[in-house]
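One structure is given here, and the rest of the page talks about it.
Numbered from 1 within each chain, the chains take letters A, B, ... in sequence-line order. Please read these numbers as outputs of a predicted model, since none were measured by experiment.
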Amino acid sequence: MSEYILRAENLSVSYGDFRAVTNASLKVKEGSITALIGANGAGKSTLLSAIMGEHKPTEGHVFFEDREVTGLKPSVIVRNGIAMAPEGSCIFDEMTVRENLLMGCYQKRAAAKKNELFEKVYSLFPILKEKEKQLSSFLSGGQRQMLAIARAIMADPKMIICDELSLGLAPVVIGEIYEKLTEINKEGVTFLIVDQDVGRSLEYSDYSYVMVKGGMVMEGPSCDLPIEEVKDAYFGINKYA
Amino acid sequence: MELLIQSIVTGILLGGLYAIVGLGLSLVFGIMGLTNIAHGNLMIMCSFIVMVFGTVFNGNIILMLVLAIACMVVFGFLFQNFLVNKVIDKGPNPALLVTFGVSIVIQNALQLIFGADARSIKSAFATVNVVSSDYVSISGAYLANFVVAVVVIVLLSLFIKRTRMGRAIRASANNVRAAELMGVNTKLMYSVTMCIAMATACIAGLLVGNTFVFYPYSGPQYLIIAFGVVVIGGMGSIPGTLLGGIILGLAQLLGSYFFGTGYQIFSGYIVMLILLTVCPAGLLSNAKRK
Ligand SMILES: Nc1ncnc2c1ncn2[C@@H]1O[C@H](COP(=O)(O)OP(=O)(O)OP(=O)(O)O)[C@@H](O)[C@H]1O
Ligand SMILES: [Mg+2]
């Protein structure tokens with residue numbers, strides 16, 4: 001097996017006539033935290049949804065653990081071991097916190113380890129245990145994001161994809177969430193994360209990709225990437241305009 | 001005084017029948033936001049299917065019902081999978097029109113096959129009075145209606161609330177995208193929901209046929225009752241159908257007691273209108289449905 005757990009090769013994704021992602025490639029090393037950086041509308045969420053099987057790419061291939069998974073349904077992707085915490089957390093707000101977590105381990109394989117996973121999740125996020133019987137619509141923004149991550153962990157995945165993890169959260173809460181993320185990563189779960197904050201993305205990740213207008217323009221180990229140039233790309237100025 | 005007590009008791013028991021008539025409509029609305037215009041005709045179709053099985057199997061009620069449910073579950077799956085699921089992503093109107101079309105087809109097919117005569121599925125116990133005192137008498141059919149309705153509603157509530165599949169169904173209703181990302185096949189959950197709704201329609205069809213006569217064109221009349229039940233109890237609330245049914249049944253029987261038989265249906269809808277003004281979402285609706 002190669003060292004890359006996930007490979008997306010030359011993906012293109014369209015919404016009708018509009019091409020949101022063009023010929024984009026990305027590789028995620030097993031056990032790493034990889035960041036995908038890009039301005040609003042760059043096509044990050046679209047790329048992630050193509051990986052998860054929510055949209056069929058018009059071109060290109062996705063490999064997970066060296067097996068082609070292009071165009072498979074989300075349920076199959078989840079069963080293979082990728083869980084997603086989508087943009088805007090996307091929790092079941094008419095269900096209790098505990099029921100949300102139960103939905104996380106809907107797959108049979110994860111359901112068999114339910115108790116173990118609950119223990120893990122509740123020790124990572126004690127606040128969720130405290131609120132387990134509450135309707136999740138009563139959670140604060142930060143608690144919702146925690147629930148979204150916790151729900152992804154409940155799927156017992158090899159890899160978690162987080163979209164816009166820190167959107168609209170206070171810096172203290174963001175710090176806390178990233179600490180948890182690092183903690184989970186140390187236990188062997190690979191992460192692919194999207195965050196609006198360029199500095200924080202580079203700080204917490206091992207490797208980064210920068211996306212502009214649907215295509216990849218830059219990649220490298222996060223500590224080596226020149227932050228100014230990444231920001232230029234992000235804001236679409238200078239040569240990236 | 002005796003007549004008042006009788007009216008109240010009959011009203012409550014009739015409410016049980018109304019509840020189960022509305023149950024499938026409420027479930028389908030609650031889970032997929034679809035108003036199934038065909039619900040009344042589907043239920044009457046169930047009455048006919050049970051009746052046919054009844055003549056074949058000499059009135060063995062359990063066997064009739066099981067076979068009719070099996071047929072309707074298959075029908076529900078095909079109906080949902082090949083018609084409604086194809087259009088449900090395109091907003092509520094195309095799916096509504098599909099159910100309207102199916103409704104017309106069913107009504108005409110029934111008329112073609114069975115003619116326009118009145119039918120019934122009277123079982124042996126239907127007309128026997130199980131309670132008859134000075135104050136009140138209760139027929140077997142009415143008592144059975146109420147007991148069966150309560151049992152079905154309780155079982156269905158438990159299924160939806162407590163089981164893994166029930167949770168997946170609610171998740172599909174709550175957030176399609178999130179449910180898919182958890183590995184739920186939301187379209188399949190819609191089909192399962194429709195199958196369950198058809199099974200309840202079968203039970204309702206049997207009870208209605210055991211209590212009253214029915215015609216191929218009785219469907220719309222029961223659709224209106226189902227609407228009343230669901231609107232009073234709260235669109236999509238399963239326990240709400242029992243409450244809605246009882247209120248509607250009581251309103252009709254008390255209206256008839258106080259103002260005369262001619263006012264039975266009328267007073268039911270007056271009460272419904274009043275309740276809607278006070279509580280537009282219905283009494284037990286999920287507080288914040290979109
Ligand atoms: N369902 C859709 N139909 C049509 N166009 C869409 C749809 N979803 C996204 N787009 C378009 O595709 C492009 C990429 O959108 P996408 O959501 O992937 O961007 P993003 O990088 O995630 O942005 P953000 O940082 O704001 O979340 C945008 O121009 C957007 O308008
Ligand atoms: Mg996005």
* Check the pair A:E94, B:R170 against side chain to side chain contact (heavy atoms under 4.5 Å, CB included), reporting the backbone distance first and the verdict last. => CA-CA 9 Å; A:E94 289 171 19; B:R170 276 188 294 141; over 6 Å; no

* To do: Begin from the C-alpha positions of A:R151 and B:M182 and carry the test side chain to side chain contact (heavy atoms under 4.5 Å, CB included) through to its verdict.
  => CA-CA 9 Å; A:R151 192 179 59 179; B:M182 301 299 117; 3.3 Å; yes

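Only the side chain of A:M52 comes within contact range of chain B, with heavy atoms under 4.5 Å apart. Within the 4.5 angstrom heavy-atom criterion, no atom of A:I82 approaches chain B.
Under the rule for a ring pair (Phe, Tyr, Trp, His ring centres under 6.0 Å), the partners of A:Y207 that lie at least two apart in sequence or sit in another chain are A:Y209.
Applying the salt bridge (Lys or Arg N to Asp or Glu O under 4.0 Å) definition to pairs two or more places apart or across chains, those involving residues 10-21 of chain A are A:R19-A:E59.
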Sequence neighbours excluded and cut-off under 3.5 Å, please list the side-chain donor-acceptor pairs for residues 155-163 of chain B, or say none.
residue, atom, partner, partner atom, Å
B:S157, OG, B:I153, O, 2.8
B:T163, OG1, B:F159, O, 2.7
B:T163, OG1, B:G166, N, 2.9

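In this structure, the side chain of B:N174 engages the main chain of A:D93 through a donor-acceptor pair within 3.5 Å.
To the nearest 0.5 Å, atoms OG (A:S49) and CZ (B:R177) are separated by 6.5 Å. Here A:E99 contributes atom CD and B:R167 contributes atom CZ; the two are 6.5 Å apart, rounded to the nearest 0.5 Å. The CD atom of A:E54 sits 4.0 Å away from atom CG of B:L181, with the distance rounded to the nearest 0.5 Å.
Heavy-atom neighbours of chain B within the stretch residues 104-126 of chain A, taken at a separation under 4.5 angstrom, comprise A:G104, A:Y106, A:Q107, A:K108.
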